Amino acid sequence: MSRPQRGPRSVWGSAWKRAAALLTLLALLTAFPAPPALAALADGTPQAAVDRSEAPPGGQVTVTGRGWPAGALLTLLVCGQNMAGGTNDCANAEGRAVTTGADGAFRKDVPVPTPPKPCPCVVHVATVTGDAATADVPLVVTGHPVAPLPERSGGERLGVLDARLEGAGGLLTWFGAPPTRRLVVTVANLGSTPARNPTFRLGTSHGVLAPVWEDRPWHGTVAPGRKERVTLDVELAAGAYGDYLVSLEYGGKVLVEQPWDVSRPWGVTLFWILLAVVVPLTVFRAGMAVVDRVRPRTPVTPPTPAPGGAAPLPWFTPGTDPRGTGSPPPG
């Protein structure tokens with residue numbers, strides 16, 4: 001029995017059905033993305049996952065990962081505040097370490113401690129050896145406090161519009177007290193985010209020496225497009241004099257440099273001059289007093305009075321007449 005021949009209409013209908021099925025399959029693949037692990041392997045980014053999204057303190061979660069470097073040593077930490085402040089937000093003492101296999105995968109049971117910062121919390125996975133790579137997996141720690149994340153900074157851009165050193169030396173600095181001044185700067189925020197409580201770096205240098213920096217926090221907010229007056233105290237070492245340079249830095253950029261000519265403490269020089277004169281003179285007078293006290297003295301014998309109570313008169317011989325005549329005195 002011969003098979004009936006299909007007409008042109010049935011052949012084209014079958015082709016259209018196959019094309020429609022293929023388009024439907026492509027649409028479904030596009031609508032549903034690949035699992036995270038497969039996506040990680042596709043773009044080369046390591047991924048991690050936990051077996052459950054919430055765990056109580058003292059409990060345990062199983063952390064798995066794929067796409068990591070083969071044979072790499074990893075650390076697993078439970079951190080608060082999405083680890084915005086680095087490892088200071090993590091329970092480092094309860095962390096765990098694991099080595100990935102030849103396929104870059106791992107599996108490790110991690111205890112759930114109470115992180116030092118409030119949630120939102122994450123399980124932070126990072127490489128210790130090999131190429132640097134990290135991954136964070138959200139984890140809800142049951143009963144742990146939750147607080148808003150700190151605002152990220154970095155969009156502020158401060159510039160200096162005016163700067164000057166205020167103050168003058170006094171009598172104490174003339175005798176070697178530490179010279180002090182006030183650095184008054186007018187800063188403007190040229191960025192898009194406010195600068196809240198910025199920490200400046202104040203440096204002082206003498207001659208060709210490198211500046212000595214110290215952090216100087218300023219309490220206040222410089223809004224975008226606004227300017228504020230900032231006053232910082234500057235103090236040098238006792239007895240300092242000569243040419244100094246005061247520098248102000250923020251965000252790794254030197255904003256302003258102000259020269260400072262510190263006068264010599266002449267009071268100290270005068271003190272040493274007086275000391276060089278007074279001390280030898282005092283020693284000399286003390287030595288003379290000692291010599292005068294220990295020197296032997298010759299007693300003075302008073303003249304013997306003549307008989308009758310009258311004092312004897314001087315008698316001159318002819319050769320010792322004070323008048324120089326050589327004749328005896330008149331009788």
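Here the structure is a predicted model, which means the values were calculated and not measured.
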Legend entry - Check: T186 main-chain N/O paired with D162 side-chain donor or acceptor under 3.5 Å: no
Legend entry - Side-chain touch H144/P57, heavy atoms, less than 4.5 angstrom: no
Legend entry - Flag, side chain of N189 to backbone of R157, donor-acceptor distance under 3.5 Å: yes
Inset, instruction - Report whether L232 and V256 are members of the same hydrophobic cluster (ILVMFWY, side-chain heavy atoms less than 4.5 Å apart, transitive linking). - result: yes
Legend entry - Spacing of CG belonging to L281 relative to CG belonging to L274, to within rounding of 0.5 Å: 12.0 Å
Legend entry - Derivation of the side-chain contact (heavy atoms from CB on, under 4.5 Å) call for N92 and L77: CA-CA 6 Å; N92 299 293; L77 301 172; 3.7 Å; yes
Legend entry - pair Y250-V187: side-chain heavy atoms closer than 4.5 Å: no
Legend entry - Joint hydrophobic cluster, V160 plus V234, side-chain heavy atoms closer than 4.5 Å: yes
Legend entry - Interatomic distance, T64 atom OG1 to Q47 atom CD [nearest 0.5 angstrom]: 10.5 Å
Legend entry - Min side-chain heavy-atom separation D136-N82 under 4.5 Å: no
Legend entry - Check: Q81 side chain, P116 main-chain N or O, donor-acceptor pair, under 3.5 Å: no
Legend entry - Co-membership, hydrophobic cluster, residues V184 and L245, 4.5 Å side-chain: no
Legend entry - T127 OG1 to L74 CG distance, which is reported to the nearest 0.5 Å: 7.0 Å
Inset, instruction - Following the transitive rule for hydrophobic clusters with a side-chain heavy-atom cut-off under 4.5 Å over Ile, Leu, Val, Met, Phe, Trp and Tyr, establish whether V230 and L165 coincide in one cluster. - result: yes
Inset, instruction - For atom CZ of R52, decide whether the heavy atoms of other residues, nucleotides or ligands shown that lie under 6.0 angstrom number more than 12. - result: yes
Inset, instruction - Dump the intermediate steps for side-chain contact (heavy atoms from CB on, under 4.5 Å) on V262 and L236, then the final yes or no. - result: CA-CA 10 Å; V262 184; L236 301 179; 3.7 Å; yes
Inset, instruction - Answer whether the closest heavy-atom distance between the side chains of F106 and V63 falls below 4.5 Å. - result: yes
Legend entry - Heavy-atom side-chain contact between L202 and V246 under 4.5 Å: yes
Legend entry - Within-4.5 Å side-chain heavy-atom neighbours: L183 and V185: yes
Inset, instruction - Any pair with a residue in residues 218-235 that passes salt bridge (Lys or Arg N to Asp or Glu O under 4.0 Å), sequence neighbours left out, goes on the list, sorted by first then second residue, please. - result: E166-R229
Legend entry - Under the side-chain contact (heavy atoms from CB on, under 4.5 Å) test, residues paired with A126 that sit two or more places apart: T75, H124, T134
Legend entry - T114 versus A91, closest heavy-atom pair with distance: O-CB, 4.4 Å
Inset, instruction - Answer yes or no: is there a donor N or O on one side and an acceptor on the other, between the side chain of N197 and the main chain of G220, under 3.5 Å? - result: yes
Legend entry - Any P179 side-chain heavy atom under 4.5 Å of W260 side chain: yes
Legend entry - Any side-chain heavy-atom pair of K117 and C79 under 4.5 Å: no
Legend entry - salt bridge (Lys or Arg N to Asp or Glu O under 4.0 Å) contacts touching residues 199-223 (sequence neighbours left out): R201-D215, R201-E249, E214-R216
Inset, instruction - Give the cluster check for M83 versus V78: same hydrophobic cluster or not, with ILVMFWY residues linked at side-chain heavy-atom distances below 4.5 Å. - result: no
